[in-house]
Amino acid sequence: EVQLLESGGGLVQPGGSLRLSCAASGFTFNNYAMTWVRQAPGKGLEWVSSISESGRNSYYTNSVKGRFTISRDNSKNALYLQMNGLKAADTAVYYCAKGPAIASWFDSWGQGTLVTVSS
Amino acid sequence: QSVLSQPPSASETPGQRVSISCSGSNSNIGSNHVHWYQQLPGTAPRVLIYRNNQRPSGVPDRFSGSKSGTSASLAISGLRSEDEADYYCATWDDSLRGVVFGGGTKLTVL
């Protein structure tokens with residue numbers, strides 16, 4: 001059974017940093033692109049970042065470029081999102097998701113981790 | 001303001017058919033496959049339709065997808081109360097070099 005388990009969310013002050021993790025199991029991790037999608041309270045889904053199977057290629061939505069870094073450790077079946085310079089607008093539930101390729105659909109999602117940016 | 005446009009809400013009675021539209025442009029829907037996600041209240045999204053009209057195993061055939069030009073649509077027939085959810089379309093955008101989502105459509109089964 002595919003499982004994606006996010007962790008690392010919490011309350012952080014504006015300008016602060018957080019590192020989200022996503023532990024994957026039940027599938028061959030290095031065969032899949034991985035993605036972070038967020039959802040602000042009461043709002044819709046917003047794509048944040050994706051990384052290729054090897055980790056060689058990564059993509060970001062404009063609002064997080066230069067502040068967030070996506071990475072993966074295929075030896076640990078883990079996906080990460082380093083978030084720096086956090087803003088109130090980054091407050092959201094962050095989901096990790098897997099897909100067969102970078103520009104493909106997301107066939108499995110985690111349950112999400114809440115990030116709250118507030119003073 | 002989402003890159004893909006969806007109606008914010010839709011409603012229909014049980015047993016009936018409802019269609020949800022998703023409008024984009026040449027750089028996204030016009031060039032790439034469209035996928036649909038269902039998000040039940042308080043849960044994570046799940047894929048409902050991928051590659052315009054493909055259903056993952058476990059998704060009832062009451063759900064169907066189509067695409068024409070720069071628009072796509074999701075149809076749900078034989079509506080049931082458990083279909084009440086938010087529905088999102090998504091695709092890759094070649095100009096933005098990223099995934100774009102529609103704003104979501106909240107479906108109410110009356």
Side-chain angles (χ1 to χ4, degrees), chain A residues 1-7 9 20 22 24 27 32-52 57-66 68 70 81 89 92-114, chain B residues 1-9 20 22 27-29 31-59 65 67 72 74 85-107:
Chain A
E1 179 195 2
V2 171
Q3 286 198 336
L4 298 169
L5 186 60
E6 303 93 337
S7 61
L20 304 184
C22 174
F27 64 100
Y32 289 85
M34 296 297 295
T35 291
W36 290 99
V37 174
R38 68 184 178 184
Q39 186 169 34
K43 302 297 184 182
L45 302 175
E46 180 187 22
W47 171 77
V48 175
S49 180
S50 294
I51 189 167
S52 62
N57 298 306
S58 57
Y59 304 83
Y60 300 89
T61 192
N62 284 340
S63 64
V64 309
K65 281 180 183 174
F68 290 11
I70 191 172
L81 185 68
V93 173
Y94 285 72
Y95 296 101
C96 74
K98 64 182 268 292
I102 277 285
S104 71
W105 65 101
F106 308 132
D107 57 22
S108 293
W109 298 63
Q111 287 307 299
T113 187
L114 177 62
Chain B
Q1 193 82 0
S2 303
V3 173
L4 304 181
S5 297
Q6 296 180 236
S9 64
I20 297 172
C22 176
S27 65
N28 43 65
I29 292 179
S31 307
N32 297 287
H33 294 303
V34 177
H35 320 299
W36 290 89
Y37 300 92
Q38 178 193 57
Q39 187 175 31
L40 297 169
T43 70
R46 69 157 180 161
V47 63
L48 206 58
I49 297 288
Y50 66 97
R51 284 183 180 167
N52 306 327
N53 55 18
Q54 302 299 301
R55 275 189 314 277
S57 59
V59 173
K67 174 188 142 178
L74 171 71
D86 294 323
Y87 293 86
Y88 297 90
C89 59
T91 187
W92 182 264
D93 190 296
D94 293 336
S95 296
L96 296 174
R97 287 169 60 80
V99 175
V100 290
F101 281 97
T105 298
K106 185 176 185 62
L107 175 63

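Within every chain, numbering begins at 1; the chains are lettered A, B, ... in the order of the sequence lines, protein sequences first and strands thereafter.
Each of B:Val99, B:Val100, B:Val47 has some count of heavy-atom pairs under 4.5 Å with chain A, and the biggest count is that of B:Val99. In terms of non-hydrogen atom pairs under 4.5 Å with chain B, the most contact-rich of A:Val37, A:Thr61, A:Leu45 is A:Leu45.
Partners of A:Ser50 according to the side-chain contact (heavy atoms from CB on, under 4.5 Å) rule, which considers only residues two or more places apart in sequence or in another chain, are A:Thr35, A:Trp47, A:Ile102. Residues passing the side chain to side chain donor-acceptor pair (under 3.5 Å) test with A:Tyr94, sequence neighbours excluded: A:Arg38. With sequence neighbours excluded, the residues that form a ring pair (Phe, Tyr, Trp, His ring centres under 6.0 Å) with A:Trp105 are B:His35, B:Tyr50.
Interface remark: B:Pro45 contributes backbone and side-chain atoms alike to the contact with chain A (heavy atom separation under 4.5 Å). For A:Gln39, the part lying near chain B is the side chain, with the backbone staying farther off; criterion is any non-hydrogen pair under 4.5 Å.
For residues 86-95 of chain B, a heavy-atom distance under 4.5 Å to chain A picks out B:Tyr88, B:Trp92, given by residue number.
Closest approach of B:Ala44 and A:Gly110 over heavy atoms only: CB-O, 3.2 Å.
Checked by atom type and distance alone, the side chain of B:Tyr37 pairs as donor or acceptor with a backbone atom of A:Phe106 at under 3.5 Å.
Shown here is B:Arg97, whose CZ atom has no more than 12 heavy atoms of other residues, nucleotides or ligands within 6.0 Å.
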